[in-house]
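Any value given below was found using the heavy atoms of this structure, including those in side chains, with hydrogens, waters and symmetry copies removed.
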Amino acid sequence: MDLPRHWRLKSQRYHLTGVVCQDCGAKLFPPRQVCADCSSENLQSQDFRGTGQVYSYSIIRQAPLGFNEFEPYAVALVELDNGPIVTAQLTDMGSRKPYIGMPVEMVVRKLREYGTEGLIVYGYKFRPRLRRA
């Protein structure tokens, strides 16, 4: 992947920017040009709130090339509080085990490094929600 592509994707990687269909109300992430539910092109950009709960998850024990430093790690389907279900790696778990319904919040973390250019790609992951006083 090249630097220009990462620059173009920064909005969805750092802000969970997706789209909402103005005709049927579908919330889509990543953003699309056409609604997956009703085929409308009447879509409006929206930043989804980075909080939600684990809908489902899986533990990855043999990571694909480039992700070995994280293994084993959990990948989850996260149902956002004000949006769609997104796929993301769970991070900052410590000794905790993920569970369905676990409250989580989005954080920006390192996704991977690319070869000789030294390009480090950051993006969204989810961690257990911190308690706020």
pair [X]-[Y]: side-chain heavy atoms closer than 4.5 Å:
{"X": "Q22", "Y": "V20", "answer": "yes"}
{"X": "S45", "Y": "T17", "answer": "yes"}
{"X": "L77", "Y": "V86", "answer": "no"}
{"X": "C38", "Y": "C21", "answer": "yes"}
{"X": "M106", "Y": "V108", "answer": "yes"}
{"X": "E105", "Y": "L130", "answer": "yes"}
{"X": "M93", "Y": "P98", "answer": "yes"}
{"X": "Q53", "Y": "V104", "answer": "no"}

For this session: Run the numbers on R127 and R109 for side-chain contact (heavy atoms from CB on, under 4.5 Å), then give the verdict.
Result: CA-CA 10 Å; R127 69 176 178 201; R109 295 283 191 268; 3.7 Å; yes

If hydrophobic clusters are built by linking Ile, Leu, Val, Met, Phe, Trp and Tyr wherever their side-chain heavy atoms come under 4.5 Å apart, do [X] and [Y] end up in the same one?
{"X": "F48", "Y": "V54", "result": "yes"}
{"X": "Y55", "Y": "Y99", "result": "no"}
{"X": "L16", "Y": "I85", "result": "no"}

Would you name the heavy atoms of [X] and [Y] that are closest together and state the gap between them?
{"X": "A74", "Y": "I59", "answer": "CB-CD1, 3.7 Å"}
{"X": "S40", "Y": "N42", "answer": "OG-N, 2.9 Å"}
{"X": "G50", "Y": "F126", "answer": "O-CE2, 3.8 Å"}
{"X": "R96", "Y": "P128", "answer": "NH1-CB, 3.6 Å"}
{"X": "K125", "Y": "L111", "answer": "CE-CD2, 3.8 Å"}
{"X": "T87", "Y": "Y124", "answer": "O-OH, 3.4 Å"}

Problem set entry | Atom pair CD (Q89) and OH (Y57), whose distance is rounded to the nearest 0.5 Å |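 Answer for the CD-OH pair, Q89 versus Y57, is 15.5 Å.
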
Return a table of donor-acceptor pairs under 3.5 angstrom between the side chains of residues 26-37 and protein atoms on other chains or two or more places apart.
residue: K27; atom: NZ; partner: N82; partner atom: O; Å: 3.3
residue: R32; atom: NH1; partner: P30; partner atom: O; Å: 2.9

Heavy-atom donor-acceptor pair, [X] side chain to [Y] backbone, under 3.5 Å:
{"X": "E41", "Y": "S39", "value": "no"}
{"X": "R129", "Y": "M102", "value": "no"}
{"X": "K110", "Y": "G123", "value": "no"}

Problem set entry | Residues forming a side-chain hydrogen bond (donor to acceptor under 3.5 Å, both in side chains) with Q46, sequence neighbours excluded |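 Listed in chain order: nothing, the list is empty.
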
